[in-house]
2 protein chains.
Amino acid sequence: MDKPQPEHLKSAGLKSTVPRLNILNLFKSGQERHMSAEDVYKHLLASGDDVGLATVYRVLTQFEQAKLLVRHNFEGGKSVFELNQGKHHDHIVCLQCGHVEEFYDAAIESRQKKVASERGFAVHDHSLHIYADCVRKNCPHKR
Amino acid sequence: MDKPQPEHLKSAGLKSTVPRLNILNLFKSGQERHMSAEDVYKHLLASGDDVGLATVYRVLTQFEQAKLLVRHNFEGGKSVFELNQGKHHDHIVCLQCGHVEEFYDAAIESRQKKVASERGFAVHDHSLHIYADCVRKNCPHKR
DNA sequence: ATGCGAATAATAATAGTTCTCATTTGCAAT
DNA sequence: ATTGCAAATGAGAACTATTATTATTCGCAT
């Protein structure tokens, strides 16, 4: 269906290889927005692309450095990645079903900058995760 | 020097044992505010208290559940604990020296609640970590 | 087509944490 | 004070996520 798009890899200084294209396309396909290394590995195997788990880890890290992906460290120890679409956002994670919802709040962002600069810090980065339950009895995000 | 204070353990429904008292007192001593399991383990061994690493992990988790301690998952994968002193706060972590500074911003807190409730989530918890550099050339928080 | 440096796959190794289970301990009831 | 027993501990094995090692393979400029 969708052809590989090596331009993004080349412009990131990465030579275009089969595993890299497969991983990038998996994220671009939009099937699942947030995936761990294990998730990516399983998706690729399931769709017949033979790949090594170590390669998945390496490529995800490279993509993070190339700013193609963003890494998140949610509770639970494992890193989760998502396509970097330019617009920063924070996350609400449902503790019942694991569903991740994104949000952006300008007021929160600007207060953070203020707090940090008042204390003499130059902000690199931040992570804001709200851990919550879907309110309704039948959690709408069952997996 | 400082006597054990079993009241806190009892009221948390935990029977007062030697390792638990030692760990609680270590945090209360205030020497170091933020410690990983490994940190706690080393401190205890260094002060002559023989303890098992598995016990440290177990007790830290129990103390978290009993709300005696708060767990933080900063970048880097390992959990860090601090004494729960009632007042919630967020953290700025200096990427140069690892120093952790605490802050509280009412505006950020209330915006978070608003964002979550608008989306039908009941907030359990949140974590906000700002990763930054101390602005000055000579980072004031050298370790 | 071919050669070389980079990338890969398989596997071993590591770090952080949890589990298992035999032994010990806290403490309530004698 | 002793005893009994459930709960807690310690030692090490096991587990999970991730990184390192290395021989083989691949992308791509020539």
Side-chain angles (χ1 to χ4, degrees), chain A residues 3-26 34-45 47-66 68-69 71-81 98, chain B residues 3-26 34-45 47-66 68-69 71-81 98:
Chain A
K3 290 270 171 298
Q5 299 147 310
E7 321 81 51
H8 297 97
L9 289 179
K10 293 224 189 78
S11 64
L14 297 166
K15 75 169 61 164
S16 74
T17 66
V18 171
R20 285 178 184 160
L21 288 168
N22 284 339
I23 292 175
L24 187 52
N25 284 332
L26 173 57
H34 300 90
M35 285 181 281
S36 67
E38 192 71 24
D39 293 336
V40 169
Y41 179 64
K42 284 180 180 157
H43 266 85
L44 292 184
L45 291 191
S47 57
D49 300 310
D50 211 355
V51 71
L53 181 55
T55 301
V56 172
Y57 274 101
R58 251 180 294 125
V59 170
L60 289 176
T61 300
Q62 290 160 351
F63 282 5
E64 182 197 8
Q65 287 165 352
L68 292 171
L69 296 178
R71 177 197 300 258
H72 299 291
N73 299 293
F74 295 136
E75 280 179 8
K78 48 165 61 173
S79 287
V80 171
F81 297 81
Chain B
K3 291 268 171 297
Q5 298 147 311
E7 321 82 51
H8 296 97
L9 290 178
K10 294 225 188 78
S11 64
L14 296 166
K15 76 169 58 162
S16 75
T17 66
V18 172
R20 285 177 183 160
L21 289 168
N22 285 338
I23 292 174
L24 187 53
N25 284 331
L26 173 57
H34 301 89
M35 285 182 282
S36 67
E38 192 72 25
D39 294 336
V40 170
Y41 180 64
K42 283 180 181 160
H43 266 86
L44 293 184
L45 290 192
S47 56
D49 300 311
D50 213 354
V51 72
L53 181 54
T55 300
V56 172
Y57 274 100
R58 254 178 317 201
V59 171
L60 290 176
T61 300
Q62 290 161 349
F63 282 6
E64 181 196 9
Q65 287 164 352
L68 292 172
L69 296 179
R71 179 197 299 259
H72 300 291
N73 299 292
F74 295 137
E75 281 181 6
K78 48 165 61 171
S79 288
V80 171
F81 297 81

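In what follows, every chain begins at residue 1, and chains take the letters A, B, ... in the order their sequences are listed. Source: prediction; values computed, not measured. The analysis underlying the following values was restricted to heavy atoms, covering all of them including side chains, and did not include hydrogens, waters or symmetry mates.
- Whole-Å rounding puts the B/Asn73 CG to D/dT18 P distance at 13 Å.
- When rounded to the nearest whole Å, the span between CD of A/Glu38 and P of D/dC15 equals 15 Å.
- Qualifying side chain to side chain donor-acceptor pair (under 3.5 Å) partners for B/Asn22, counting only residues two or more places apart in sequence or in other chains: none.
- Residues passing the ring-ring contact (aromatic ring centres under 6.0 Å, His included) test with A/His43, sequence neighbours excluded: none.
- In terms of the side-chain contact (heavy atoms from CB on, under 4.5 Å) criterion, residue partners of B/Ala37 (sequence neighbours excluded) are, by chain and number, B/Val56, B/Tyr57, B/Leu60.
- Partners of B/Tyr41 under the ring-ring contact (aromatic ring centres under 6.0 Å, His included) rule, at least two apart in sequence or in another chain, do not exist in this structure.
- Residues passing the side-chain contact (heavy atoms from CB on, under 4.5 Å) test with B/Lys15, sequence neighbours excluded: B/Thr17, B/Arg20.
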Each nucleotide N or O in nucleotides 28-30 of chain C that has a protein N or O under 3.5 Å away: list the pair and distance.
none

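- Recorded end-axis angle for the helix from C/dA1-D/dT30 to C/dT30-D/dA1 stands at 20°, based on five pairs per end and rounded to 10 degrees.
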Enumerate all atom pairs, one protein N or O and one N or O from nucleotides 4-12 of chain D, separated by less than 3.5 Å.
| from | atom 1 | to | atom 2 | distance (Å) |
| --- | --- | --- | --- | --- |
| D/dA8 | OP1 | B/Arg20 | NH1 | 3.4 |
| D/dA8 | OP1 | B/Arg20 | NH2 | 3.1 |
| D/dT9 | OP1 | B/Thr17 | OG1 | 2.6 |
| D/dG10 | OP1 | B/Asp50 | O | 3.4 |
| D/dG10 | OP2 | B/Gly52 | N | 3.2 |
| D/dG10 | OP2 | B/Thr55 | OG1 | 2.7 |
| D/dG10 | N7 | B/Arg58 | NH2 | 3.0 |
| D/dG10 | O6 | B/Arg58 | NH1 | 3.3 |

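- B/Leu14 contributes atom CG, which lies 9.0 Å from atom CD of B/Gln65 (distance to the nearest 0.5 angstrom).
- The interatomic distance linking A/Glu75 (CD) with C/dG16 (C1') rounds to 16 Å, in whole Å.
- Remark: P of C/dA15 and CG of B/Asp39 are 15 Å apart, rounded to the nearest angstrom.
- For the OP1/OP2 pair of C/dT17 and a distance below 4.0 Å, the side-chain nitrogens and oxygens of B/Thr61 include no atom meeting the criterion.
- Between the NZ atom of A/Lys78 and the P atom of D/dA17 there is a distance of 4 Å, given to the nearest Å.
- In this structure, OG1 on A/Thr61 lies 5.5 Å from CZ on A/Phe81, to the nearest 0.5 angstrom.
- Checked against side chain to side chain donor-acceptor pair (under 3.5 Å), A/Glu64 has the following partners two or more places apart in sequence or in another chain: A/Arg71.
- For A/Thr55, the side-chain contact (heavy atoms from CB on, under 4.5 Å) partners at least two apart in sequence or on another chain are A/Pro19, A/Val51, A/Arg58, A/Val59.
- Within 4.0 Å (heavy atoms only), B/Ser79 reaches sugar-phosphate atoms of the nucleic acid but no base atom.
- Of the side-chain N and O atoms in A/Tyr57, none sit less than 4.0 angstrom from OP1 or OP2 of D/dT19.
- With contacts defined as side-chain heavy-atom distances shorter than 4.5 Å, the pair A/Val40/A/Leu26 qualifies.
- The distance from atom CZ of B/Arg71 to atom P of C/dT17 is 8 Å, rounded to the nearest whole Å.
- Considering all non-hydrogen atoms of both residues, B/Ala12 and B/Leu68 come closest at CB-CD1, 4.4 Å.
- As rounded to whole Å, 14 Å separates atom P of C/dT25 from atom CG of B/Asn22.
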